[in-house]
Amino acid sequence: MKEQSAQVRWEQHTQRPLLALAVLFAVAYAVPIVDTSAGRSLTAVCTVVEWVVWGVFAVDYLVRLSLARDRRGFVRQHWMDLCAVVLPLIQPLRLLRLVSTLLLVGQRARMASQIRVTTYVAGAVVGLLMFGSLAVLSVERDAPNGNIRTLGDAVWWSFTTMTTVGYGDHAPTTGLGRMVAVGLMLSGIALLGVVTANIAAWFIERFEKDDVEERRQTEAIQALTEEVRELRAEVAALRKTSVGG
């Protein structure tokens, strides 16, 4: 129980710093893509920041693993965290660092009980839209047959892809770009399902509250009716007694 409490305390204390680092990662990832005139030194600094942020999240996973009471159970429950930690080590691609950091941030954000589902979904939509746009722009801008050349084109393509509309005016032509497209489509479908389920749960909860209130009123009316019957019976008995006397 002591080890579990230590794990919970660690997660609570590191929640905000890790989210701040995630914002720093977003800036470091976006700068070389948006600013095409960025020099090698700035690009190198941004790359170092990306690796450092990923390293901090990896250390956080290892610390939580060491504090877990059941380490095997922790690994089974947080297998996505483990994949996100190992993924960038397999192939040093910026896209993999992006995917792994998004997974780690998403998992840690889910642990925060103070974050409501609606807030989390809204943040996930904005994050995926932004990172999806940057990712597809970074791999498609210099493609020979690519038609996603500007940030505006990338944002428009990401929005239509996440909503599964797919007008077809912009489409990725590279393998990595199509991988980003698949991820955005699956994420959009998943987020739509979460929003739909959340709205349905809200309506069900409201209906249940109305049913409970209606049952309480019905029970109160029945109780009052029974009391009135008893009072009538007592009054009738008193009348018979007075008449007989």
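For the numbers below, each heavy atom of this structure counts, side chains included, while hydrogens, waters and symmetry mates do not.
The shortest non-hydrogen separation linking Arg149 to Asn145 is NH2-C, 4.4 Å. Smallest separation of non-hydrogen atoms from Gly177 and Thr174: N-OG1, 3.1 Å. The two residues Gly132 and Val180 come nearest to each other via the heavy atoms O-CG1, 4.0 Å. Closest non-hydrogen pair, Glu50 versus Ala28, comes out as OE2-O, 3.5 Å. Residues Ala135 and Tyr29 come closest through the heavy atom pair CA-OH, 3.3 Å.
For the pair Phe25/Phe131, a side-chain contact is recorded, criterion being any heavy-atom separation below 4.5 Å from C-beta on. Taking the side chain as every heavy atom from C-beta outward, Ile148 and Trp156 never approach each other to under 4.5 Å. Trp157 is not listed as a side-chain neighbour of Asp169, based on a closest heavy-atom distance of 4.5 Å or more. In this structure the side chain of Arg76 reaches within 4.5 angstrom of the side chain of Asp70, judged on heavy atoms. A heavy-atom distance below 4.5 Å is not found between the side chains of Pro32 and Leu42. By the 4.5 Å heavy-atom criterion applied to side chains, Leu151 and Leu134 are counted as neighbours.
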Step-by-step salt bridge (Lys or Arg N to Asp or Glu O under 4.0 Å) determination, Asp60 to Arg64: CA-CA 6 Å; Asp60 171 71; Arg64 288 188 290 133; 3.1 Å; yes
Should Val228 and Thr225 be marked as a side chain to side chain contact (heavy atoms under 4.5 Å, CB included) after you check the CA-CA gap, both sets of side-chain angles, and the distance that decides it? CA-CA 5 Å; Val228 170; Thr225 302; 5.7 Å; no
Begin with the C-alpha distance, continue with both residues' side-chain angles, and end with the deciding distance and a verdict on side chain to side chain contact (heavy atoms under 4.5 Å, CB included) for Phe159 and Ser133. CA-CA 9 Å; Phe159 185 81; Ser133 302; over 6 Å; no
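Note: the hydrophobic cluster containing Val53 also contains Met130 (ILVMFWY, side chain heavy atoms under 4.5 Å, direct or indirect links).
Separating the CZ atom in Arg71 from the CG atom in Leu65 is a distance of 6.0 Å, to the nearest 0.5 Å. Rounding to the nearest 0.5 angstrom, the gap separating the OG1 atom in Thr160 from the CG atom in Leu184 is 9.5 Å. Taking CD of Gln222 as the reference point, atom CZ of Arg215 lies at 12.5 Å (rounded to 0.5 Å). Here CZ of Arg216 is found 9.0 Å from CD of Glu219. Values are rounded to the nearest 0.5 Å. Rounding to the nearest 0.5 angstrom, the gap separating the CZ atom in Phe74 from the CG atom in Leu67 is 9.0 Å. In this structure, the separation between CG on Leu137 and CG on Asp142 is 9.0 Å, given to the nearest 0.5 Å.
At least one donor-acceptor pair under 3.5 Å links the side chain of Asn147 to the backbone N or O of Ala171. Side chain of Arg141 to main chain of Thr150: no donor-acceptor pair is present (N/O by atom type, distance under 3.5 Å, no hydrogens or angles). Looking at Glu140, its side chain does come within 3.5 Å of a backbone N or O of Thr173 through a donor-acceptor pair.
For Glu214, the side-chain contact (heavy atoms from CB on, under 4.5 Å) partners at least two apart in sequence or on another chain are Asp211, Thr218.
Think of Ile204 as one node in a network of Ile, Leu, Val, Met, Phe, Trp and Tyr side chains linked at under 4.5 Å; it has no links at all.
Under the 30°/60° scheme for interplanar angles, the aromatic rings of Trp51 and Trp54 are found to stand perpendicular.
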